Enquirer: 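Once you've had a glance at the structure underneath, I'll fire off some questions.
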Number of protein chains: 2
Amino acid sequence: MPSEAVDDYLKAIYEIAGDEGRASTASLARKLSVAPASVTGMLQKLAQRKPAPVQYQKHRGARLSEHGKLRALEVIRHHRLIELFLHRVLGYSWDEVHDEAERLEHAISEQLEDRIAERLGNPEVDPHGHPIPRKDGSIPTRRDMSLLEAFVGSETTVSRVSDSNPEMLRYLAGLGISPGTKIKLTGRAPFDGPLTLEIGNSRKKQALGPTVAGEIRVTPPLNGKGKG
Amino acid sequence: MPSEAVDDYLKAIYEIAGDEGRASTASLARKLSVAPASVTGMLQKLAQRKPAPVQYQKHRGARLSEHGKLRALEVIRHHRLIELFLHRVLGYSWDEVHDEAERLEHAISEQLEDRIAERLGNPEVDPHGHPIPRKDGSIPTRRDMSLLEAFVGSETTVSRVSDSNPEMLRYLAGLGISPGTKIKLTGRAPFDGPLTLEIGNSRKKQALGPTVAGEIRVTPPLNGKGKG
DNA sequence: TCCAAAGTTTAGGTCGCCCTAAATTATGAT
DNA sequence: ATCATAATTTAGGGCGACCTAAACTTTGGA
Ligand SMILES: [Mn+2]
Ligand SMILES: [Mn+2]
Ligand SMILES: [Mn+2]
Ligand SMILES: [Mn+2]
């Protein structure tokens, strides 16, 4: 079984590059708060394991092998199940779940993973709307787009938000924005200006900066269906 | 914050010697599956920390300091809360909870500890009847005795059972014995022979070997109160 | 084509936690 | 008082995961 450090490397590669792309040494060093030389060393070691979780080419970064990809998804599944469990069962707010899950993801057994999933009804998304990988490594997909790219006038539903910044999560919670919330995009100022929104059933206009809007993903209403 | 290894040493000392006695090098080596020389080395290092969690004297083993005692109790509190949580909320059987708790006890935050305790209604005992230390380090006490020492003819209630052997736990579960179960001791064969019991409301006699009986603790009926 | 930036290599080191083997010393029960 | 046992010391080592500094190589864009 991979160590916590190895799991963190695999997860980082997945988060940076997905299951196809390559993660550069520098990007991994940044994400893991580790020196570049340490990353090079670790990637070389991992690439020589049998089975190797990563493919590594000098100066070209690392790519997950099938093995590595499955392991990364396993850890991410743990993480997101735990986040949802903390939220639903233990009353954690969505800005508190990440740090706790970051440690627990390495400590739970397959059995506990299964019981948590069962207890939650085999959920497909975590509290931030991120998809929870299935046991077989497949991922529930949702076609969505950045709120930044939505058409002015469209009525959308929030599908997910970035969970990397607790402060932003609290801000969004304050605005009443979370997965499932309806948002009508009523205006967009030029030159990367703020968006104007109607949130939920409220008619009140709310301005939202582009930095925040870029971290919100939404699904448009069903194909061509008008309001009624 | 102490490492997992240090916490395991403190817990082991507590389990061997309580908060007063000393744990010998050999006993720690056995319990932790580690070489005696490693134990000596670790105890010396711990005794020099500030604040030192253990007092150490050559050839005389280790004793927990106040600091060390509180830390040991903290970890044990985690362990037992987690055991009960797994049992009550996630449907673990009582022979499955220990191994899972053994890892998780090191990974949960104070916040999670609190939420678990809250969710369980601030319980005083774990699934095996072991007392759960309180946050301040005090321990719910229950006057109980080994089933081996109970009087023949007395009607007792199981207060706790040893949780160190999953197979024994499954055996006891099969007999219908768990904390809270009523047991009437109807006979005791000489020369460390088996006890004869009536378990719960059943009138059926059940023989129980002394090894198992020694791992069961019971509370006698309330002072002098007869059956009715 | 050239060069800065990114990445790598090497050499050396740290820290925590563990190991062995062999020599030595202290303890406590007889 | 003796002596087996328990404990300690010393010297050496290993592993995983990190670090720095400095030299080097590769890459890719201007
Ligand atoms: Mn992690
Ligand atoms: Mn999340
Ligand atoms: Mn442990
Ligand atoms: Mn227990």
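Residue numbers begin at 1 in each chain, while the letters A, B, ... track the order of the sequences. Atoms considered below: every heavy atom in the structure, side chains included; atoms not considered: hydrogens, waters and symmetry mates. Fair warning: this is a prediction, and the values are worked out from it, not measured in the lab.
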Enquirer: Atom NE2 of A:H106 and atom P of D:dA17: how far apart are they, to the nearest Å?
Expert: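 Spelled out: NE2 on A:H106 to P on D:dA17 is 12 Å.
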
Enquirer: Under 30°, 30 to 60°, or over 60°: which ring-plane class applies to B:F85 and A:F85, parallel, tilted or perpendicular?
Expert: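 B:F85 and A:F85: perpendicular rings.
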
Enquirer: Send over the distance from A:Y56 OH to C:dA6 P, rounded to a whole Å.
Expert: 16 Å

Enquirer: Identify the two heavy atoms, one from B:S159 and one from B:D144, that lie closest to each other, and give their separation to 0.1 Å.
Expert: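 Residues B:S159 and B:D144, closest heavy atoms: OG-OD2, 2.7 Å.
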
Enquirer: Is the shortest distance from a Lys or Arg side-chain nitrogen in B:K135 or B:E110 to a carboxylate oxygen in the other one below 4.0 Å?
Expert: yes

Enquirer: CG of B:L28 versus C1' of D:dT8: gap in Å, rounded?
Expert: 15 Å

Enquirer: For B:R60, does its backbone N or O pair with a side-chain atom of B:R22 as donor and acceptor, under 3.5 Å?
Expert: yes

Enquirer: Looking at A:R170, I'd like to know if its CZ atom is crowded, meaning that more than 12 non-hydrogen atoms belonging to other residues, nucleotides or ligands lie closer than 6.0 Å.
Expert: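 Yes, CZ of A:R170 has more than 12 neighbouring heavy atoms, counting only those of other groups under 6.0 Å.
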
Enquirer: OP1 or OP2 of C:dA6 less than 4.0 angstrom from a side-chain nitrogen or oxygen of A:S24, does that happen here?
Expert: no

Enquirer: To the nearest angstrom, how far is B:K45 atom NZ from C:dT14 atom C1'?
Expert: 13 Å

Enquirer: To the nearest Å, give me how far apart CD1 (B:I16) and P (D:dA6) are.
Expert: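 My rounded result for the distance is 15 Å.
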
Enquirer: Is there a donor-acceptor pair under 3.5 Å between the side chain of A:E96 and the backbone N or O of A:S93?
Expert: yes

Enquirer: Any side-chain donor-acceptor pair under 3.5 Å between B:D126 and B:H79?
Expert: no

Enquirer: Is any side-chain nitrogen or oxygen of B:Y9 closer than 4.0 Å to OP1 or OP2 of C:dC18?
Expert: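 So the side-chain polar atoms of B:Y9 do come within 4.0 Å of the phosphate oxygens OP1 or OP2 of C:dC18, strictly under.
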
Enquirer: Take the protein atom CG of A:D8 and the nucleotide atom C1' of D:dG16, then report the distance between them rounded to whole Å.
Expert: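 One finds 14 Å between C1' of D:dG16 and CG of A:D8, rounded.
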
Enquirer: Counting distance only, does the side-chain N/O of B:W94 pair as donor-acceptor with the main-chain N or O of B:L169 below 3.5 Å?
Expert: yes

Enquirer: Do any of residues 30-44 of chain A sit with a heavy atom less than 4.0 Å from DNA chain D, and if so which?
Expert: A:S33, A:V34, A:A35, A:S38, A:M42

Enquirer: Just the rounded figure in Å: distance from P of C:dC15 to CD of B:Q48.
Expert: 15 Å

Enquirer: Would you give a per-nucleotide map of nucleotides 25-30 of chain C, 5' to 3', where B means the base has a protein non-hydrogen atom under 4.0 Å away, S means only the sugar-phosphate does, and - means neither?
Expert: BSS---

Enquirer: For A:H130 and A:E83, test the side chains for any donor-to-acceptor distance below 3.5 angstrom and give the result as yes or no.
Expert: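 No, A:E83 and A:H130 have no side-chain donor paired with an acceptor closer than 3.5 Å.
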
